[in-house]
Amino acid sequence: MNHSSASGVHGTHLFLVLTSLFWGSAFVGSKLTVTDVPPSVSAFIRFGLAAVIMLGCLLVRRKPRQLFTGVPWGRLVLLGFIGVAVYNLLFFQGLKWSPASHGSMIVPTLSPVFTFLLGSLWLNKRPDRRQMFGLFVALSGSAVFFAVVLSGEAAGGDTLTGDLCFLAAAVCFAFYTLYGNRVMEILHPFSATALSLLAGSVFMGIAALPDFLNVDWREIRPSYWWMQSYLAVFPTVLAFWFWYRGVQFLGSARTVVFLYLVPVVGTMMAAGVLHERISPWQWVGGALMLTGVWLVNREKNKETGAESY
């Protein structure tokens, strides 16, 4: 690997680590916002605001005609509908019935599994043995983490329904990752993200319309808008852009493994902000997940057979 290529890989890894930090913080931030307004409304505000910001950034550099010329609207509408709207409606519905900690474990842990499964069936791409071992280690860490979160808590009734919503949301995110790669064959990652968020926001706005009528906007605290601004800019605009850069540069299979960092980040932030306790076994699970990410993302030099990092 030459120097410029190595720098590109390391830079992409840094962006994906930042994405994990942002998405991990989004669980805590979203939990704080749904106490003020219905989840569907909060989701629409976050992604609608993010779409406006991204489109504004694009219009600064391009004319409207250039922005919307040659756009594969059919693909973008499908991407926005499933990967943005349906994903978030399932996710926030899951939050209604199941603890947020379940979502922070189920979605990031199972999304890579579904991504590899869909990728092998759809794109005919399979990881090599080293990557498979890394995935096994990371998935084992996620299982430890997941078991600790659920220990002592019976999953029945509404909790089971909420967890099934999280499970379906993980499938939607896997689709978003894989199908988004096809969209980026035509559009730049930033444009693809902006327009898919725009399409998804339209669907979410339609779904959230009945809940808008039940919100007393005069009672909304300023902290709500500050949090929504953070969620729109960092875990949405920047994180989604970084994510698609990773998919474009590293491929979906290697990019999606960084989702294993999200439960670790989310739990640590929940401990700091929401004062939730982190058990020693959760730290063990986090260490395994980090090890799995390292194993999957190390590369062999084709000429010497040596490992590069």
Side-chain angles (χ1 to χ4, degrees), residues 19 23 26-27 30-31 33-34 37-52 54 71-98 100 102-119 121-123 158 160-184 187 192-212 228 231-232 235-237 239-241 243-244 247 252 255-256 259 262:
T19 297
W23 279 345
F27 288 98
S30 298
K31 186 68 175 179
T33 62
V34 297
V37 302
S40 61
V41 176
S42 281
F44 168 73
I45 292 175
R46 170 187 169 182
F47 285 90
L49 180 59
V52 170
M54 296 189 80
V71 172
W73 285 111
R75 294 185 182 184
L76 279 170
V77 168
L78 180 60
L79 189 66
F81 177 69
I82 297 178
V84 178
V86 177
Y87 167 80
N88 279 286
L89 292 174
L90 285 168
F91 179 76
F92 282 100
Q93 194 63 40
L95 284 175
K96 177 180 178 180
W97 289 322
S98 188
H102 290 208
S104 67
M105 291 305 306
I106 293 173
V107 177
T109 301
L110 295 183
S111 290
V113 176
F114 290 128
T115 299
F116 274 99
L117 178 61
L118 291 176
L121 296 175
W122 187 8
L123 304 176
D158 289 344
L160 178 59
T161 303
D163 286 352
L164 290 175
C165 287
F166 290 140
L167 185 68
V171 176
C172 290
F173 192 85
F175 172 86
Y176 185 80
T177 300
L178 290 169
Y179 196 72
N181 211 4
R182 296 184 61 183
V183 175
M184 285 189 299
L187 295 178
T193 303
L195 295 177
S196 65
L197 289 183
L198 177 64
S201 297
V202 172
F203 290 115
M204 283 193 289
I206 296 172
L209 187 59
D211 290 328
F212 270 97
Q228 284 286 40
L231 291 172
T236 309
V237 173
F240 275 71
W241 180 33
W243 179 258
Y244 267 149
V247 172
S252 60
T255 299
V256 81
L259 284 178
V262 176

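Only a predicted model underlies this, so the values are computations on that prediction, with no experimental measurement involved. Along the sequence shown, the residues carry numbers beginning at 1.
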Listed by chain and number, what are the side chain to side chain donor-acceptor pair (under 3.5 Å) partners of S42, not counting sequence neighbours? Y224

Partners of T236 by side chain to side chain donor-acceptor pair (under 3.5 Å), sequence neighbours excluded? R46

Specify the closest pair of heavy atoms between [X] and [Y], including all atoms of both residues, with the distance to one decimal.
X: A85; Y: G200; value: CB-O, 3.6 Å
X: A51; Y: A194; value: CB-O, 4.4 Å
X: G80; Y: A199; value: CA-CB, 4.3 Å
X: Y176; Y: G83; value: CD1-CA, 3.4 Å
X: A232; Y: A50; value: O-CB, 3.5 Å
X: P210; Y: A207; value: CD-O, 3.5 Å

Would you say the side chain of L231 lies within less than 4.5 Å of the side chain of T33, judging by non-hydrogen atoms? yes

Does any N or O in the side chain of S30 come within less than 3.5 Å of the main-chain N or O of F27, such that one atom is a donor and the other an acceptor? no

Would a distance-only check, ignoring hydrogens and angles, find a side-chain to backbone donor-acceptor pair under 3.5 Å from W23 to V262? no

Identify, with sequence neighbours excluded, every residue that meets ring-ring contact (aromatic ring centres under 6.0 Å, His included) alongside F47. none

Of all residues at least two apart in sequence or in a different chain, which pass the ring-ring contact (aromatic ring centres under 6.0 Å, His included) check with F166? F91

So, taking the atom named [atom1] in [X] and the one named [atom2] in [Y], what distance separates them when rounded to the nearest 0.5 Å?
X: W243; Y: T193; atom1: CH2; atom2: OG1; value: 12.0 Å
X: L79; Y: S196; atom1: CG; atom2: OG; value: 5.0 Å
X: L197; Y: M54; atom1: CG; atom2: CE; value: 6.0 Å
X: L198; Y: L195; atom1: CG; atom2: CG; value: 6.5 Å
X: M204; Y: N88; atom1: CE; atom2: CG; value: 5.0 Å

Got a sec, which residues hit side chain to side chain contact (heavy atoms under 4.5 Å, CB included) with [X], two or more places apart in sequence or on another chain?
X: L78; answer: I82, F175, Y179
X: L167; answer: L110, F114, L164
X: P38; answer: S40, V41, D211, V215
X: F81; answer: V86, F203

Using 30° and 60° as the class boundaries, would you call the ring planes of F173 and Y87 parallel, tilted or perpendicular? tilted

